[in-house]
**Student:** 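One structure coming up, written as structure tokens, with questions to follow.
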Amino acid sequence: MLELRLVQGSLLKKVLEAIRELVTDANFDCSATGFSLQAMDSSHVALVALLLRSEGFEHYRCDRNLSMGMNLNNVSKMLRCAGNNDIITVKADDGSDTVTFMFESPNQDKIADFEMKLMDIDSEHLGIPDAEYQAIVRMPSSEFARICKDLSSIGDTVIISVTKEGVKFSTAGDIGTANIVCRQNKTVDKPEEATIIEMQEPVSLTFALRYMNSFTKATPLSETVTISLSSDLPVVVEYKIAEMGYIRFYLAPKIEE
Amino acid sequence: GGKQSTITNFFRKV
């Protein structure tokens, strides 16, 4: 028996919107720790890892570990039927081949049940090692989204370079080139507007912009984004989900041929 | 722009 009640149901709606472009089908795993998902895109270039900790739910009952295969576009169709202020409850019985999403309006005058068929998904679970990153950049998520969008109108790839000067996002295409440098800036009114660069050593990596743009669908989940870079690892683009957990996107770099 | 690597080049199946 599984029953997860999330008062801030809009969080779940935003989570689905953040990942459904990248991943078609995925297993949602429920355990005492929380509600999680790990999945790669079809070409195995990017990986998404989601965690919503059990403590973040108003009610969290998960009698035994359960993995539920879902088509994310179908989940999204269901969740789009929930109001932004609705309380969302996810329910499933042991051994059942369906999951139920229950939506309650804030004043309890409307209650809806949407039952969705589950599917069997063969998915590989990858071990993600703890790593020391050469550079970690924290910046406003809207600024990062803007940079990715702007650069993708010029080129297909972005070179992200971190030096003492700051973080530089560069691209090149048929019509020309573009470089955007963000310097560390801690003197802002609100901490979420700061750009903070922790650099152990300079690093420069190249990535496909298409994927970066897809990651920025998570922007509504967090005011800030953290980008962790090391020369021998996929970049991690992390959006923290307040009080609950995170969405982390891993993107494999382009390498010299 | 270089050759695109994949996640499985870096992370192992568990």
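Only this structure's heavy atoms are used, side chains among them; waters, hydrogens and symmetry mates stay out. Lettering of chains follows the sequences in order, A, B, ..., and the numbering in each one begins at 1.
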**Student:** Surrounding CG of A/Asp120 (heavy atoms of other residues, nucleotides or ligands, distance under 6.0 Å), is the total greater than 12?
**Tutor:**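 Atom CG in A/Asp120 is not crowded, with 12 or fewer foreign heavy atoms closer than 6.0 Å.
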
**Student:** Just verifying a value: how many Å separate A/His125 NE2 and B/Lys13 NZ, rounded to the nearest 0.5 Å?
**Tutor:**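 So the gap between those two atoms works out to 12.0 Å.
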
**Student:** Working to the nearest 0.5 Å, report the span between CG of A/Leu233 and CD1 of B/Ile7.
**Tutor:**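 Taking CG in A/Leu233 and CD1 in B/Ile7, the distance rounds to 10.0 Å.
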
**Student:** Please indicate whether A/Asp122 has more than 12 foreign heavy atoms, meaning atoms of other residues, nucleotides or ligands, lying under 6.0 Å from its CG.
**Tutor:**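 No.
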
**Student:** Would the number of heavy atoms belonging to other residues, nucleotides or ligands and lying under 6.0 Å from NZ of A/Lys217 be above 12?
**Tutor:**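 12 or below, so no.
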
**Student:** Against chain B, label A/Asp232 side chain, backbone, both or neither, depending on which of its atoms sit under 4.5 Å from a heavy atom there.
**Tutor:**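 Only the backbone of A/Asp232 comes within 4.5 Å of chain B.
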
**Student:** Answer with side chain, backbone, both or neither: which region of A/Ala172 has an atom nearer than 4.5 Å to a non-hydrogen atom of chain B?
**Tutor:**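 Neither part.
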
**Student:** So, using ring pair (Phe, Tyr, Trp, His ring centres under 6.0 Å) as the criterion, who are the partners of B/Phe10 when residues are at least two apart?
**Tutor:**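 None.
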
**Student:** Would you say A/Met40 and B/Thr6 make side-chain contact, with heavy atoms under 4.5 Å?
**Tutor:**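 They are not in side-chain contact.
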
**Student:** If you tally heavy-atom pairs under 4.5 Å against chain B, which of A/Ile159, A/Asp156, A/Leu47 wins?
**Tutor:**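 The candidate making the most pairs under 4.5 Å is A/Leu47.
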
**Student:** Which atom pair, heavy atoms only, marks the closest approach of B/Gln4 to A/Ala208?
**Tutor:**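 The answer is OE1-CB, 3.9 Å.
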
